[in-house]
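This report concerns only the one structure given below.
Everything numeric here is computed off the predicted structure, so don't read it as measured data.
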Amino acid sequence: QVQLVESGGGSVQAGGSLRLSCVVSGSTYRRFCMAWFRQAPGKEREGVAGIWTGGGSPYYADSVKGRFTVSSDNARNTLYLQMNSLKPEDTGMYYCAADGVVCWSGVAAAKVRGADFGYWGQGTQVTVSS
């Protein structure tokens with residue numbers, strides 16, 4: 001059973017930075033299509049970034065492009081989201097998601113837009129104050 005556990009959330013002031021982590025366990029897959037999503041209270045879930053841990057260009061939503069960086073450490077089975085220049089509108093619960101398929105940049109974008117992932121974590125809260 002694949003499990004995803006996020007960590008690294010917290011409260012920061014606008015302009016600050018946080019790094020989220022997502023550890024993958026319980027899988028026979030060696031590479032994943034993975035993504036970060038977020039959901040603010042009263043709003044729909046939003047795809048933030050996607051990546052194939054086997055390489056290739058990541059996908060970013062326009063709202064975070066230039067501020068967030070997604071990366072993976074395959075030796076540690078961990079996905080990261082480095083978030084810089086945080087804004088109050090970045091506040092929300094952040095979830096990581098995974099799927100055991102290859103997803104080059106264009107495929108990753110489509111999967112993120114469609115929230116097409118089979119495995120989800122429980123989330124970590126990010127709060128950005130002005």
Requested in this report: Identify, with sequence neighbours excluded, every residue that meets ring-ring contact (aromatic ring centres under 6.0 Å, His included) alongside Y59.
Outcome: none
**Report entry** Path from Y60 to Y95 over hydrophobic side-chain contacts below 4.5 Å
**Finding:** no
Requested in this report: Identify, with sequence neighbours excluded, every residue that meets side-chain contact (heavy atoms from CB on, under 4.5 Å) alongside S71.
Outcome: Y80
Report summary line: Minimal heavy-atom distance between L4 and C22, with the atoms involved, is CB-SG, 3.9 Å
Report summary line: For V101 and K111, the nearest pair of non-hydrogen atoms, with its separation, is CG2-CE, 3.8 Å
Requested in this report: Measure across V70 and P58 and return the closest heavy-atom pair with its distance rounded to 0.1 Å.
Outcome: CG1-CB, 3.5 Å
Query raised in the report: Is any side-chain heavy atom of V24 less than 4.5 Å from a side-chain heavy atom of M34?
Result: yes
Query raised in the report: Please walk me through it: do V64 and R38 pass side-chain contact (heavy atoms from CB on, under 4.5 Å)?
Result: CA-CA 11 Å; V64 306; R38 66 186 181 188; 3.9 Å; yes
Query raised in the report: Strictly under 6.0 Å, is that where the ring centroids of F37 and W120 end up?
Result: yes
Query raised in the report: Do L20 and V48 share a hydrophobic cluster, counting only Ile, Leu, Val, Met, Phe, Trp and Tyr and linking them when any side-chain heavy atoms are less than 4.5 Å apart?
Result: yes
Query - salt_bridge(K65, D62) N-O dist < 4.0 Å - result: yes
Requested in this report: Return yes when atom CD of Q122 has more than 12 non-hydrogen atoms of other residues, nucleotides or ligands closer than 6.0 Å, and no otherwise.
Outcome: no
Query raised in the report: Taking the side chain from T78 and the backbone from V23, do they hold a donor-acceptor pair closer than 3.5 Å?
Result: no
Query raised in the report: Is there a path of hydrophobic side-chain contacts, each under 4.5 Å between heavy atoms of I, L, V, M, F, W or Y residues, that connects V107 with F32?
Result: no
Query - Side-chain donor or acceptor of N74 paired with backbone N/O of T53 under 3.5 Å - result: yes
Report task. Decide yes or no for S27 and Y119: does some side-chain heavy atom of the first lie under 4.5 Å from some side-chain heavy atom of the second? Result -> no
Query raised in the report: Which atoms form the tightest heavy-atom contact between L79 and I51, and what is the distance?
Result: CD1-CG2, 3.6 Å
Query raised in the report: Which heavy atom in V126 sits nearest to a heavy atom in D90, and how many Å separate them?
Result: CG1-O, 4.3 Å
Report task. Kindly assign one of parallel, tilted or perpendicular to the pair W104 and W52, based on the angle between their ring planes and the thresholds 30° and 60°. Result -> perpendicular
Query raised in the report: Okay, side chain of E6, backbone of G123: is any donor-acceptor separation there less than 3.5 Å?
Result: yes
Query - Which atom of M93 lies closest to which atom of Q125, heavy atoms considered - result: SD-N, 3.5 Å
